[in-house]
Amino acid sequence: MTDLVAGVVAAVRTVVGDRRAVLHEPLFAGNEWAYVKETIDSSFVSSVGAFVDRFEADLAAATGSAHAVVTGSGTAALHVALVVAGVRPGDEVLVPTLTFAATANAVAHCHATPHFVDVAEATLGLDAHALRAHLERTTRLEATGLVNRETGRPIRAVVPMHAFGHPVDMVPLLAVAEEFGLAVVEDAAESLGSYYHGTHTGTLGLLGTLSFNGNKTITTGGGGAILTRDPALAARAKHLTTTGKLPHPWEYGHDTVAWNYRLPNLNAALGCAQLEQLPALLAAKRRLTARYLDAFAAVPGVRLVTEPAGCRSNYWLQTLLLEEGDRTVRDALLAATHAAGYLTRPVWELLHTLPHFASAPRAATAVAEHLADRLINLPSSAQLAPPAEGDDVGA
Ligand SMILES: *Cc1c(COP(=O)(O)O)cnc(C)c1O
């Protein structure tokens, strides 16, 4: 084990150098300051402004989505996407147990229950084949939709999450969803710039959501977006995220209980500038992956997680997978890298093990459990891989 620990620390040092390196920090290298200043100079810093409309249009263009509705956070985006997809109080929603807490929190915000399922080792994302077997065993299809035979509750939707930017295998998942009458809402919070067989993640399901939190590939300080090809769903999402106000030059008419989940113009300005930088950020992430791959090629017992076949990952977080071992090895690696100034992180605690989700229904989650003991995220900021001398800019 000491060889492994020394080998990993040395490999990270080869890539990162002797400086202290956090897990992920934003990079502001374009028009960020100019656009933010513009909102302050114009006084349009709040919920209305030209940058909000522009950021929505730019996101739609960047992802190939027909529509984009921006929100104050990725969690808010997922909450409203689930509501718009038809999730009602008392429903169950299928989510992977290997994901950030926000995925299941958004379900709970709908007064629905997360129903945890397993992931595939090849993608770290939802395993459609295991899901089908689980649904065949534990549910029945009624005229009104799928019902969990154990709890008697409707199962309304499934939320694949593209972990660390690596696309879930969506074709088999969409087939299972179709067969069992489930709405697909993609949690693409981590996968802006990732493509599944040429299609941007977050645009394959009924709806998809993005996050622009400070640690994501691009940031608005805090923010999110809902993607959909359906104009009626987009209009509904916009209405529900903007207090349900009816358009009128002066009257305060509202037709439903809704949310103030708007993204301020100030944040949208930052988003517009960041989105202009996306190709350069993605190029830097790929250079960083190439350097880590090189460095870890000589370290037996670990491998870098790479994009699934046919997919293009944004490589949001660089991820090391221990081939064998348990938390003892993982924790020794975390301690040694931290001691060397590299702020590595384990993967999230599996959501079904958290106290507030302990009684939630779930499938067997053996793959997620095995993975959770062996995954480590490495320093992943774009600034760790500036173009080398002689590289084509942006290549
Ligand atoms: C970041 C993230 C979110 C949304 O987070 P916000 O901080 O609310 O923007 C949702 N799901 C996953 C998997 C995430 O990583």
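Note: hydrogens, waters and symmetry copies are ignored here, and every other heavy atom, side chains too, is used. Start at 1 and go down the list; that is how both ligands and their atoms are numbered. Throughout, residue positions are numbered sequentially from 1 according to the sequence presented.
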Residue shell around ligand 1, heavy atom under 4.0 angstrom: S73, G74, T75, T99, F100, A102, T103, M161, D187, A189, E190, S211, N213, K216, G223
Geometric class of the F164/W348 ring pair [parallel <30°, tilted 30-60°, perpendicular >60°]: parallel
Name every donor-acceptor pair, under 3.5 Å, that has one atom in a side chain of residues 168-180 and the other anywhere in the protein, sequence neighbours excluded.
residue : atom : partner : partner atom : Å
D169    : OD1  : Y196    : OH           : 2.6
E179    : OE1  : R132    : NH1          : 2.3
E179    : OE2  : R132    : NH1          : 3.0

side-chain contact (heavy atoms from CB on, under 4.5 Å) partners of T242, counting only residues at least two apart: K238, R262
Side chain to side chain, H338 and L343, heavy atoms closer than 4.5 Å: yes
Please table the atom pairs, donor to acceptor, closer than 3.5 Å between any side-chain atom in residues 46-53 and protein atoms at least two apart or in another chain.
none

Donor-acceptor contact below 3.5 Å, side chain D230 vs main chain L233: yes
